[in-house]
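See below for the structure under consideration.
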Amino acid sequence: MALVRSELQKLFTTRLWWIMLIVMLLFTGLNLGFLIGFAGVEGTQGAPGLPGRETLAFQQSAWTAGAGSSIFVMVLGIIMMTSEYRYQTITTTFLATPRRSRVVTAKLVAGLLVGLLFGVAALLLTAAAVIPSVLIAGGEVALLDGGIPRIMLGVVATSALYTLFGIGLGALVRNQIAAVVGAIVWVFVVESLLAAVPALQTVGKFTPSGAARSLIAVQIDSGFGQADLLPSWAGASVLVAYALIFALIASLTTVRRDIT
Amino acid sequence: MTAIEIRNLSKTFGPVRAVDDVSFSVESGTVTGYLGPNGAGKTTTLHCLLGLVTADGGTALVNGRPYSALERPLAEVGAVLEATSFHPGRTARDHLRVICTAAGLPASRADEALEQVGLAGSAGKRVAGFSLGMRQRLALGTATLGHPRVLILDEPANGLDPAGIEWLRGFLRTLAHEQGVAVLVSSHVLSEVQQTVDNVVIIARGRLVHQGSLEELTGNGDRPVRVHAADAARLVPALEARGARVERPADGVLRVHGVGAEAVGQAVLDEGVLVTELVRERSDLQEIFMELTREK
C-alpha cells in the first residue's frame, strides 16, 4: 500500500497528469461537440445521419465519447513507467524497493486508480454537455435506463484498463519514445484496419480497442455491417490479460535487467 | 563490525571484464576510499553491491546479507549514485517525500534531510533548476533519509566546488568517526579523498591492486633525502661511504637514497659543507596511485 501511495505521489508531483487530463478532456469535448452539432442532421441524398438530440440513441452514442480518449490514458500509463528509465529515477526506486516486481505491481494498482479517475472526469464532462442539450431539444434525460449505466461503467473501465495496458507496455519497452510511438501506430493504424475490415474482425475483436468497444457495446456501422464483438465480460478480461501479460513478461525480462 | 563485504566479485559486460575477482571489506566507523581511473570497475562494483546489477560470480553483502534481502534497505544503506537521477519537474522536497512514502519513513524526514545538506532554502524548487553541486547535495540528502549505518557514494565530489568538497569531507568524517557509520566512497582523483579516508582500496582494469591504510600506501615508497648545497659534490663520497645511493638531479642538488636524514646530516657535519636545505621528501601519493593503476 505504501508503494502504491508512493507511485501516486510520483504522478501528482509532476505536471504530466493535469496536462494529460486537459488534453483528454479537450479531445472528449471535441467528440461531444461533433456529436451534438451534427445530431439530427440528415446525410446527403436524404440518408439517415446521426440520431437527433431528443432520442435515446443520441444519448447512448454521446455517453461513449469518453472512451475515444483512451489513447491518452494509455500514454499516461506508458510515461508513468518509462519516465523512471528516462530520468534514471528507477535507480532510487529500486534502491528503496529491491524486489522489482513489487514496484511494477504498485504501478499497476496506481495506474488503475488514476485511470478510474480519468474515466470519471470524462463522464462528468459528458454529463455537462449531454444533459443540457437533451433538455433543450425537449427530450427525456436517461441516466439509469436505456443501457446508459452500462455505457458509463464501460467508459470508466476502459479508461482504467488502458492505463494498465500502458504501464505493462512501458515496462516491456522501457524506451519512452519507442513505446509511445508504437502505441499510437498500433491504435491508429493496426487496430483501425483490424476493426474496419470484416474479414479481420475475428482478430480485431481481440485487440485492446476491439475489447474496449465490447465494453461500451456501441454499435458502429462502419458500412460493412454490424461489427463482430466479444461479450463485455470477455472484453474486460482481454484488456486485463493484455496488461497483466505485458507486466509479467516485463517483470521477467526488461525489469530484471541490470541498471547501469 | 564488518558492514560491507565483497568476496571474489566478478561481472562481465559483453567482451569487457568490468570487475574481476575483487574482494575487500569495509568496517563500521571508517571511511574507505575506492579508487581507480575512469572505467576501472568502481561503479559496477557498487551497483552489484546495491542489487542494481547482477554479478556473474562472487558475493557482495551489506550487514551480512545481499541488498535485495534487506527488510528496510534505506534504513540500513544509503547510496549516492549518478547526480542526474531526479525527475526535473519534481521539487526537491517532493522527490524526498516520494521516497519516504515508499520506504515507510515519516514525511518530516524530507525537510530534515534538506536542512542537513544545506538545501532547506530550495526545498520547493524544481530540480530542473539545480546546479550539479545542488544535485549532489540532494542525492546525499536522499541517501541519509533513513539514517543508514552504511553509506555508499559514487564520485560524490563531481560537480562540487572547493567549498562543497570541503563540506563533504567534514560531513563524511563526522558520520564515520562520530556516529560510527561505515562509508565507502569512490573517486578517480586520489587527492579528493586523501584527507578523508582511513583506508584505500585501489582497482585498475577490474582487478584489485591495493588494499590497506593510507600509511601503508605511502610507506611502500622509498623516501629519499633531498640536499641543497652549493658544494654538493664534496658530499657524495662521504654519503656513499655510509652506504647511500646518490642521485644528482640538478646542479647543487642531491637526492640520497638508502639512508636516513640523520646519516645525511652527520655527513654534512663531518665534511663541513654549507647546506641550504635538507629535507626528507614526502612521497607523492598521486604518483604512487598512477604507478599502481598504470596500463601495463
Side-chain angles (χ1 to χ4, degrees), chain A residues 1-21 76 78-110 113-114 170 174 176 251-260, chain B residues 11 13 18 43-44 46-48 50-56 62 65-105 107 126-128 138-139 142-143 145-146 148 152 154:
Chain A
M1 238 12 253
L3 288 182
V4 175
R5 274 197 299 130
S6 177
E7 290 304 329
L8 289 173
Q9 230 174 339
K10 275 180 197 167
L11 183 67
F12 292 121
T13 50
T14 56
R15 282 177 281 203
L16 173 76
W17 74 273
W18 59 260
I19 293 174
M20 281 319 252
L21 184 65
L76 184 76
I78 290 174
I79 297 178
M80 275 176 75
M81 192 74 216
T82 52
S83 69
E84 293 253 26
Y85 287 101
R86 184 169 166 203
Y87 298 114
Q88 292 172 19
T89 50
I90 197 73
T91 313
T92 321
T93 301
F94 286 161
L95 285 180
T97 316
R99 267 173 269 167
R100 299 181 183 184
S101 55
R102 295 184 60 193
V103 173
V104 177
T105 309
K107 276 198 196 290
L108 288 173
V109 176
L113 295 174
V114 172
R174 296 213 299 190
Q176 192 160 72
S251 295
L252 296 174
T253 56
T254 49
V255 175
R256 267 203 193 169
R257 274 189 208 150
D258 290 343
I259 308 291
T260 51
Chain B
K11 176 70 185 180
F13 290 117
T43 301
T44 303
L46 300 184
H47 280 199
C48 285
L50 293 167
L52 296 170
V53 165
T54 313
D56 297 333
V62 194
R65 277 170 300 163
Y67 189 87
S68 58
L70 299 176
E71 270 313 310
R72 301 184 63 218
L74 294 196
E76 294 195 49
V77 189
V80 176
L81 301 173
E82 302 94 319
T84 49
S85 55
F86 304 107
H87 192 295
R90 198 173 282 138
T91 66
R93 184 189 286 123
D94 282 337
H95 167 77
L96 294 183
R97 282 192 175 163
V98 164
I99 299 162
C100 282
T101 309
L105 301 164
R126 291 181 201 280
V127 177
L138 182 56
T142 310
L145 272 180
I152 295 163
D154 195 10

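Lettering of chains follows the sequences in order, A, B, ..., and the numbering in each one begins at 1.
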Leading residue by heavy atom contact count with chain A [cutoff under 4.5 Å; candidates B/Gly51, B/Ala69, B/Pro88]: B/Pro88

Region of B/Glu76 in contact with chain A, defined by heavy-atom distances below 4.5 Å: neither

Pick from A/Gln9, A/Arg99, A/Glu84 with the largest number of heavy-atom pairs that fall under 4.5 Å of chain B: A/Gln9

Expected output: side-chain B/Arg126 to main-chain B/Gly89 donor-acceptor under 3.5 Å: yes

B/Thr142 versus chain A, the contacting section by heavy-atom distance below 4.5 Å: side chain

Between A/Thr89 and A/Lys10, a side-chain donor and acceptor under 3.5 Å: no

A/Val114 side chain near A/Trp17 side chain, heavy-atom distance below 4.5 Å: no

Heavy-atom pair with the smallest gap, counting every atom of A/Ala110 and A/Met80: CB-CE, 4.3 Å

Under 4.5 Å from a heavy atom of chain B, the part of A/Arg100 involved: side chain

B/Leu52 vs B/Leu81 side-chain heavy atoms within contact, under 4.5 Å: yes

Residue, of B/Gly146, B/Cys100, B/Ala102, that accumulates the most heavy atom pairs under 4.5 Å with chain A: B/Ala102

Side-chain (B/Tyr67) to main-chain (B/His47) donor-acceptor, under 3.5 angstrom: no

Which atoms of A/Arg5 approach chain B - backbone, side chain, both or neither, heavy atom under 4.5 Å: both

